[in-house]
Every structure is written in structure tokens, then in C-alpha cells.
Amino acid sequence: MTRHFLRDDDLSPAQQTRVLDLALAMKKRPYDALDNPGPLAGPRTVAMIFDKQTLRTQASFAAGIAELGGHPMLVDGTLAGIGVRESVEDVARVLGRQASIIVWRTFAQSRLDAMAEHSGVPVVNALTDDFHPCQLLADLLTIREHKGDLPGLTVAFVGDGACNMGNSWLLAGATAGLHVRISSPEGYAPDAAMVEAAATIAAGTGGSAVLEADPHAAVAGADVVVTDTWISMGKEDEAAERAHVFGPYSLTSALFAEAKPDAIAMHCLPAYRGKEIDAAVIDGPRSVVWDEAENRRHAQKAVLTWLLEEDPDE
Ligand code: NVA
């Protein structure tokens with residue numbers, strides 16, 4: 001059976017731990033594939049398709065695939081016209097004959113699901129409207145490096161909880177045994193079904209997943225404070241009303257001071273200083289955003305390896 005990484009809960013708690021362990025090992029020896037060729041050496045090709053803007057994702061996948069001895073093949077989503085010029089299903093059938101893995105950043109999650117159903121090779125979510133699971137693996141790796149073992153730590157996410165990052169923090173955080181608090185203005189909280197799914201996972205890992213509308217209550221005593229842009233890709237038309245509504249959820253120095261004294265600040269980037277995060281926080285001594293950006297490469301190398309190598313029954 002072909003394995004995919006379409007959303008955060010495609011990894012069980014044990015699988016997530018193994019991928020993070022592998023990522024840490026790969027970070028220590030980034031060029032290990034020169035001596036010990038892995039499943040991408042050959043080189044085998046990984047197709048990377050972008051229907052939305054990208055910097056970190058394209059750069060970290062391309063660099064990581066090269067370090068694994070593979071070949072990153074960039075497919076321009078606009079030129080391909082997936083779902084317009086030809087169906088997602090036909091694109092999947094064609095790319096599955098050229099590439100060993102397909103990495104896709106797109107809009108609706110259903111497009112990714114259709115790709116996975118028809119490609120015959122593993123498909124990786126490089127961000128959809130609903131999830132950003134590769135970012136979360138990088139973020140969990142970063143927390144492990146700065147805070148040690150994940151279970152029992154408290155993460156407060158302030159901002160647009162209804163976007164991909166809110167959903168992914170719920171699912172991946174619960175899987176890791178974190179206590180996840182999502183704090184958003186009315187109308188911008190994650191779906192109840194997503195919170196429930198995370199709470200169900202958390203029941204088995206010792207974590208928790210809750211909504212806390214008051215950003216001060218959410219951040220109080222947290223080990224990690226996270227935010228994201230208020231205007232995700234595809235929501236540009238809503239910029240004016242969002243800027244108004246999200247003001248109280250800005251990660252200012254004052255709000256960050258309500259977390260633990262040694263709390264770290266996280267942001268998946270791109271960041272808008274003075275909007276969702278103060279320059280003093282993102283550029284301050286407890287910001288780990290550049291580690292997050294670097295860790296995309298290590299985490300994704302581990303996922304790509306795991307998708308091709310591991311026994312699908314485990
Ligand atoms: N929520 C943001 C994440 C960017 C990496 C977006 O979808 O634009």
C-alpha cells in the first residue's frame with residue numbers, strides 16, 4: 001500500500017516520534033547519504049508542485065532532496081494548470097510515472113486527496129488551505145531542541161486558528177502529547193470537528209486541545225507561544241477586515257511576557273512585524289524562527305525517507 005503524508009494525523013504518535021528522531025539524526029549528519037545511500041539515492045526524482053507562493057518550502061525540499069542523493073523536479077503549477085488544463089487525476093497518473101514522490105502545495109485538501117488516490121506514489125502535503133504538516137514536524141523538532149521532551153509542554157497559538165497552521169497545531173501537537181491552546185477572535189476559531197479530533201488523539205498521548213478566546217489566558221504560563229500571518233495565501237481580499245479583528249491577538253512583547261520567563265516564540269514565516277508579531281519578539285533572544293526555517297529541511301528529509309523505506313504496517 002502506498003503511504004502518504006497528507007495531514008498531521010497521518011502519523012501515529014509512535015511514527016511521529018520516529019520521524020523526529022530520524023530528522024535529528026539527519027541534522028547531525030546532513031551528508032550521510034554520500035556514505036550510506038538511502039531510498040532517494042540513484043538519483044530518484046521528487047516532483048515539487050506549487051500552486052501558491054513559496055520560499056522556505058521550495059528551498060528546503062530542493063536542498064533536502066539533493067542531500068539525500070535525489071533529484072528535485074520543479075513543476076510550475078500555473079503552467080501545468082492542474083484541474084483546469086487537465087484533471088488532478090490525469091496529472092497524478094502522469095507524474096506518478098516520472099517521480100518517486102509528489103510534493104504539492106495547493107488550495108483545497110480534496111485536490112491533494114485526489115492526487116494521492118491516483119498517483120501510485122507517495123504524496124506529501126506542502127501546505128493546503130487546511131493543513132501544513134511539514135511545518136509542524138519542523139516546529140516540533142525545534143521545540144525538542146530548545147525544550148527537551150515534548151509531552152506535557154504547553155503551546156499557545158494566538159491568531160487565525162481557522163487556517164492551516166491552527167489545524168496542524170491541533171493535530172500534530174495532540175499527537176506529540178502537547179497541551180495545545182488555540183486563541184482566536186470570534187469567527188476565526190478552528191472547526192469544532194478539528195478540535196474534537198485533536199482531543200481524541202490527545203486522550204491517548206496525555207496532551208490536550210482546547211480553544212481559549214482570551215489571548216491572555218491562552219498565553220499565561222505557556223512554554224511556547226506561536227503565531228502566524230492574519231492573512232493566509234488566498235485570503236488577500238479579506239485583509240482590511242482581518243487587520244481590524246485580529247488586533248488584540250497580536251503577539252506583542254507585553255503578551256509574550258505573560259508566558260513562562262523562558263518561553264520561546266515561534267512563527268512559520270513569512271512574518272509581518274507590527275501586525276501579528278512585534279519586531280521585539282520575532283527579533284528577540286527567545287525567538288526560534290530561524291531554527292524553524294532550517295528544520296524544515298531536516299524534518300522533510302526524514303519524512304521522504306520514511307515514506308519510501310518504512311514498512312507500511314508499522
Ligand atoms: N497560514 C499561512 C502559512 C504560510 C506558510 C498561509 O497559508 O499563507
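Order of listing sets the numbers, starting from 1, for every ligand and every atom in it. The structure displayed is predicted, hence computed values, not measured ones.
When only interatomic distances are considered, the shortest N/O to N/O separation between Met233 and ligand 1 falls below 3.5 Å. For ligand 1, the polar-atom distance check finds no N/O of Thr229 at less than 3.5 Å from any of the ligand's N/O atoms. Residue Asp228 places at least one N or O, backbone or side chain, under 3.5 Å from an N or O of ligand 1.
The distance from atom CZ of Arg3 to atom CG of Leu11, rounded to the nearest 0.5 Å, is 8.0 Å. Going from atom CG of Leu95 over to atom CD1 of Ile49 covers 5.0 Å, rounded to the nearest 0.5 Å.
Below 4.0 Å from some heavy atom of Cys163 lie the following atoms of ligand 1, by number and element: 1 (N).
Donor-acceptor pairing under 3.5 Å is lacking for the side chains of Asn164 and Gln135.
In this structure, Asp9 pairs ionically with Arg7, as a charged nitrogen and a carboxylate oxygen lie closer than 4.0 Å. A salt bridge links Asp90 to Arg93: one of the charged nitrogens lies within less than 4.0 Å of a carboxylate oxygen. Note on Asp129 versus Lys235: no salt bridge recorded, every NZ/NE/NH1/NH2 to OD/OE distance being 4.0 Å or above.
Contacts with ligand 1 closer than 4.0 Å are made by heavy atoms of both the backbone and the side chain of Ser232.
Contact analysis puts Leu269 in contact with ligand 1, with a non-hydrogen atom separation below 4.0 angstrom.
In terms of protein heavy-atom proximity, atom 7 (O) of ligand 1 is nearest to Asn164 ND2, 2.8 Å.
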